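The chains referred to below are lettered A, B, ... by the order of the sequence lines, with proteins before strands, and numbering in each begins at 1. Note that these values count all heavy atoms, side chains included, but never hydrogens, waters or copies made by symmetry. Only a predicted model underlies this, so the values are computations on that prediction, with no experimental measurement involved.
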Number of protein chains: 2
Amino acid sequence: MKIPIDGVQAFVHVAELGSFNRAAEHLSITQTALTRRIQRLESFVGLRLIDRTTRSTALSPMGKDFLPLARRIVDDLVHGLDRLRTTSRLGVGDVTLATLQSVAFRQLPLALRSYARKYPHNRIQLLERSGALVTDAVREGQADFGIHIQQDANPDLTEEMLMRDPFVLVCSRSHPASKLKRVGWSNLGGIDLITLGGASGNRRIVETQLVKAGLQTRGRFVVESTPSAIALARENVGAAILPAAMNATTVASGLVEVPLVDPVLYRAIALVRRRNETLSPAASALYGIIKARLCSDKR
Amino acid sequence: MKIPIDGVQAFVHVAELGSFNRAAEHLSITQTALTRRIQRLESFVGLRLIDRTTRSTALSPMGKDFLPLARRIVDDLVHGLDRLRTTSRLGVGDVTLATLQSVAFRQLPLALRSYARKYPHNRIQLLERSGALVTDAVREGQADFGIHIQQDANPDLTEEMLMRDPFVLVCSRSHPASKLKRVGWSNLGGIDLITLGGASGNRRIVETQLVKAGLQTRGRFVVESTPSAIALARENVGAAILPAAMNATTVASGLVEVPLVDPVLYRAIALVRRRNETLSPAASALYGIIKARLCSDKR
DNA sequence: GGATTTTCATGCATATCCCTCATGAAAAAT
DNA sequence: ATTTTTCATGAGGGATATGCATGAAAATCC
């Protein structure tokens, strides 16, 4: 036999309004239907919960006992489901996004502002991680999804490419290379290179390519972060290999970007999330906005 | 749209068992039906609660959020309704019974013992009241129901006659009246009467009849309780007018009961309870037992 | 005091909903 | 590659709830 939740709800309403008719109206059903619901509930539990004459209604002793619990059940149910519904409709909720610092600096702010306008009540937590740590944060559930450099496929995760970001050579205007229209990887031999080290995801890509070009694995200067690299380049210590998206030129004046070619090497920025797991509405909305924003930004 | 309580229940089971099939089996429905319930729930709230592949099931973030509440709802509902059901089936519960002292002495013990055997876990509280106080206790809700002397109908109460208890003249074996087979009310003139006073319900009945018989309103000795009356009669101070049910003869030896006739006057012992209010199962059971026991006892 | 109004209960027809059976699809196990 | 396991889907039938019209009982009204 089925659980007469309708009956419980009806019971609470009758108890509160003291009348079948008013309760029925309140529930937008006929009085007939309401009577039947109460009857079903009573026959389910096997005892009379509401003593009713043609004139008045009153709870029986057991009805009085049951009322608080019944009220709680109905409230929990209605509010609980309602919360879920509004969540789904409005996309209410918190989002935690793991991202590369570099992306957080440049591309993300626009997307976040757009999201914040659309969902003023939602909070966003940004985890700024470098390299593989983004992936880890997503896989371990610390973040709803992440933005990272595409890498070896992970069975637990799905990726979706956002844009391909070419590497460029950044150097001071007074640096010899600044005069070039472009420069091939194999022509970097005579240049003091500033490269990223540490856990950076770029490091792997750049170093691989350097090896292919027959140069030493590491640049002459290995720094931990992009700002440091830019600072060094600015002082003309050497030329830095950086993603174009960093837009070093605009960060510090007096710098020049020279495209790196043969081959044009990209780092693939991708959205990453757990495979087979639905994003929360809030996360899903942000995911969509980022995808739309950054894809159109593609160079 | 209707509240998908089945879906919530299904959701909890799937969450706990990690499998649609096992959950379906647990609920004794087909896997198909269970899938449908989950689908209905999800379409009701508008978001996916369980991420499922053909191989595995896992809660989505919102599902995880919802699980504790869902579990509580289902538990409350199932346990709450179950409690009511067992209550109705077993008649579990406490009963408070208001009764006349006289009835409590004599007829009730048998009924109570029988009830106690049938429902070993139920507690009974006895309110011993005299006269109209039984009625008051019932009307004011202090007692579930009562046993009293039938009187003017009260709109709030319903009565059900249990037995009619004739009044007898109780006297010592050495009392002149003890030789009579019966005695008419109008022949009580020369006898020193011991009557009940105070709040006794019998008082009204007896006094009314005495007036009708042309005797003084009160007996020569007016006592407050039956035991006192019996004690006086035993010492041959006079003859007492008492309900036959008191069985004075067996309480104190050396006493004789003489039927009072012209008319044979009864006090009507009745069950009384609040009109239009369902008795709790426990009370209802006791009510039934008393009715059966004492009615068969009718003289 | 009888007519009217109010309120809960019931019989019947209908529409809705939900379940089961059979089958499909996808992924893991053999 | 085949089998097995597990969730999803389509269709049909049966159970169940709903609504309308009406009844019954009690309070109110004139």
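When the C1' atom of C:dT7 is taken as reference, atom NE2 of A:H26 falls 19 Å away, rounded to whole Å. Look at CD on B:E25: it is 17 Å from C1' on C:dT20, rounded to the nearest Å. C:dC18 atom P lies 14 Å from atom CG of B:L34, rounded to whole Å. Atom pair A:Q9:CD and D:dA17:C1' shows a separation of 15 Å (rounding to whole Å applied). Between the CD atom of A:Q31 and the P atom of D:dT18 there is a distance of 13 Å, rounded to whole Å. We find that CD of A:E42 is positioned 12 Å from C1' of C:dA9, with the value rounded to whole Å. To the nearest angstrom, P of C:dT7 lies 19 Å from CG of A:D51. Whole-Å rounding puts the B:I5 CD1 to C:dC17 C1' distance at 17 Å.
Between B:E16 and B:H26, the side chains place no donor N or O within less than 3.5 Å of an acceptor N or O (distance only, hydrogens not considered). When only modelled atom types and interatomic distance are considered, A:Y287 and A:D144 share no side-chain donor-acceptor pair under 3.5 Å. Between the side chains of B:T35 and B:Q31, at least one donor N or O lies within less than 3.5 Å of an accepting N or O.
Side-chain N/O atoms of A:T32 and base N/O atoms of D:dC20 include a donor-acceptor pair closer than 3.5 Å.
Residues B:V138 and B:R274 meet the side-chain proximity criterion, which asks for heavy atoms closer than 4.5 Å.
At least one donor-acceptor pair closer than 3.5 Å links the side chain of B:R22 to the backbone N or O of B:L17.
Contact annotation: A:N21 does not reach the phosphate of C:dT6 (side-chain N/O to OP1 or OP2, under 4.0 Å). Contact annotation: B:R52 side-chain N/O to C:dA25 OP1/OP2 distance is not under 4.0 Å. The side chain of A:T35 contributes an N or O atom lying less than 4.0 Å from OP1 or OP2 of C:dA9.
Here B:R36 lies in heavy-atom contact (under 4.0 Å) with a base. As judged by a 4.0 angstrom heavy-atom cut-off over every strand, A:Q39 is placed among residues touching the sugar-phosphate backbone only. Residue-level contact check: B:A33 touches the bases, meaning some heavy atom is under 4.0 Å from a base atom.
For B:R40, taking side-chain heavy atoms from C-beta onward, the closest of the listed nucleotides D:dC7, C:dC18, D:dT18 is C:dC18. Among the nucleotides D:dC7, C:dC8, C:dA22, the one closest to any side-chain atom of A:S19 is C:dC8.
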